[in-house]
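Below, read A as the first sequence line, B as the second, and so on, with proteins coming before strands; counting in each chain starts at 1. These numbers come from the heavy atoms of this one structure, side chains and all, not from hydrogens, waters or symmetry mates.
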Amino acid sequence: MSFLPDPALRRLRDAFDAPDLSDSRYTLLEPIGRGGMGAVYAVHDAALDRRVALKVIDAGAHAESRIVARLEHPGIVPVHDSGTLPDGRPYYVMKLVEGEPLHRVPLEMPEALRVFLRVCDAIAFAHSRGIVHRDLKPENIMIGRFGEVLVLDWGVAAEAHAGAPRAGTPGFQAPEPEVTAASDIYSLGMLLRELVPEPRPPLRSIIERATQQRPEARYESAADLARDVTAFLDGTRVQAHRESLGEAAARLARKHQLWIVLIATYLVLRTILFFWFRR
Amino acid sequence: MSGFPTTRRSTVARIASIDGEERRRAWEALVSAYWKPVYKYSRLKWKLDPDHAADLTQAFFARAIEKDFFRSYDPAKAAFRTFLRMCLDGFAANEFKAASRQKRGGDATLLSLDFQTAEGELVEHPAAPNTDLDALFHKEWVRSVFTLSVEDLRSLCEARGKPICFEIFREYDLDPEDGVSYARIGERHRIPATTVTNHLAFARREFRRLVLDRLREMTATDAEFRSEARSILGAGFE
Amino acid sequence: MSKPVLGLVLGGVLGIFDGLTAWFTPEVRNELPFIIMGSTGKGLVAGLLIGLLARKLKSVPLGVLCGLLIAAAVTYPIAANPDPNTGKVYFWQIILPGSLVGAIVGFATQKLPTKQAESSRTAAA
């Protein structure tokens, strides 16, 4: 056999990884990406004549489809079908979300925080069903074409009460060896740090509280974390932050900025009129 | 990766076999998969000239067979691929200390390896400057595995009377023309596009099985096998 | 806060300020409480009307213009009448600040987030 150049190797690698769907209702369209514990492809569903996403699951992630199927939430991609490929690898089929992962979407601060709140909402829901995600990071959050925010890649997700072993991506991973819901809170804190690289003091306090080394020192729930971020957005008091008098005044001034500007404008114009008539 | 085929016994295990014939075949399989990565790695890492690198490659495998030093491989510590590279690093360091060409060649059995082809590949497809040599060794290993598996696939398709499957695989995956499509390949072979997809699916399925067979053969444990299968997907090709 | 309530509050607050400025005119300083009450009432009425109209509008320039005209109309009867004590007519001194209050309330009812705007945003999301 002659030499295989790099492009041929790349195509062979894709052929090696591609699922064999010849005896199924799906036709392979193109690879979408490879996440923790599996590769995702765009496929055509002949039965319903629509494009869907098919994830081929690697070893150790057999429970993924069942876990995701348990999580019916607007922030979590719904599962339509599951099965096994002829080579024995399990797969599941889910809604195909047209959009970009969070790390490729430039977001200004208030918008970034609103996206973050939607992520918190999905994670709080998963926690309420006893599931921890274990691999929260910007690459696993999809912003859809119509602004929908979806938490993807539940490949390493586990039962929250089981104290599952550590998994996920360094930099977003909590330090404790056994993963619980608090570990997702830590990852949410790291995600917030990534979204807002230069946070103002109250937001910095939120991040610090979420990313405490000891799990019990973090927010008790994703909902609590979301509550503090909402307070920051609304200009009300952030629980995690002890603010000085100056900070409180600045916060109130920011919150009522337009009122202050309007009244000041009125006073300036009124003063001009006053002196005009005094001439 | 449940369901991965387990048709071939591990070469790494067979190297320790008491059956001389089985041991010889295991060595052949191992050398065929690793000699090119070893040669290219030696050329780039120690900047050896082609003759010198060929001698080192020959001597390395000859000494490994003679002294049976792959027997000390412990799957719990590293992948066999990593272990072999570490053995090569140690072997080369000792050889350079001794610095004797006669000793390197010594009275070792000469293996039939086509170093000219390997050298030609290095000249025609040079590695980028500052290439990470670990990554290069990994990539060359993947290249070896894929090259051998493509050959296996060609033989399998011919043996089953389906040479067209390999031909379509070659035209679509190995060496595609610009604007290649199922329809265009179908026209060339006078078959419908759906038949092209079926043939391609067969070839890809068999290719995957053959790659996994090779990997199974070159690894010692199930965990190492899975990890190597995943590492193939992680290899970077420009 | 709905647009009419916002108009009412801002109109009232600016009306108080408007009345207080009479303190700087010594000849009317002894009538200050009545002036404050009058301009506050004027501000409240104009603010409410502007707020009600703002519910139908979705334009800042139009909101400012309507605010200005409504406040001028509400202020006109007071501005056109002579002062009972001095007998002088302070038309521009009264109508201009009054209209200014209207313009600002008109701007605020278009620009500040109100309850209706919030709920329609939520529904859109």
- Query: Any side-chain heavy-atom pair from R11(A) and Y172(B) closer than 4.5 angstrom?
  - Reply: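 The answer is no; the side chains never approach within 4.5 Å.
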
- Answer yes or no: are there more than 12 heavy-atom neighbours, outside E28(B) itself, under 6.0 Å from its atom CD?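 Yes, because the 6.0 Å sphere around CD of E28(B) holds more than 12 heavy atoms from other groups.
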
- Message: Can you confirm whether more than 12 heavy atoms, excluding those of E30(A), are under 6.0 Å from its CD atom?
- Response: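 Buried by this count: over 12 neighbours within 6.0 Å.
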
- Message: With a 4.5 angstrom heavy-atom cut-off, is it the side chain or the backbone of F202(B) that approaches chain A, or both, or neither?
- Response: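 For F202(B), neither part sits under 4.5 Å from chain A.
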
- Query: Taking the inter-plane angle between the rings of F16(A) and F207(B) on a 0 to 90° scale, is it parallel (under 30°), tilted (30 to 60°) or perpendicular (over 60°)?
  - Reply: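 The arrangement is perpendicular - the two ring planes meet at more than 60°.
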
- Task: Would you check, one step at a time, whether the test side-chain contact (heavy atoms from CB on, under 4.5 Å) holds for D14(A) with D173(B)?
- Result: CA-CA 9 Å; D14(A) 293 345; D173(B) 282 332; over 6 Å; no

- Message: Keeping R204(B) on the side-chain end and D20(A) on the backbone end, is there a donor-acceptor pair under 3.5 Å?
- Response: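 Here the side-chain-to-backbone pair does not exist.
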
- Message: Restricting to non-hydrogen atoms, name the atom on R143(B) and the atom on L4(A) that form the minimum distance, rounded to 0.1 Å.
- Response: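 Between these two residues, the closest heavy atoms are NH1-O, 2.6 Å.
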
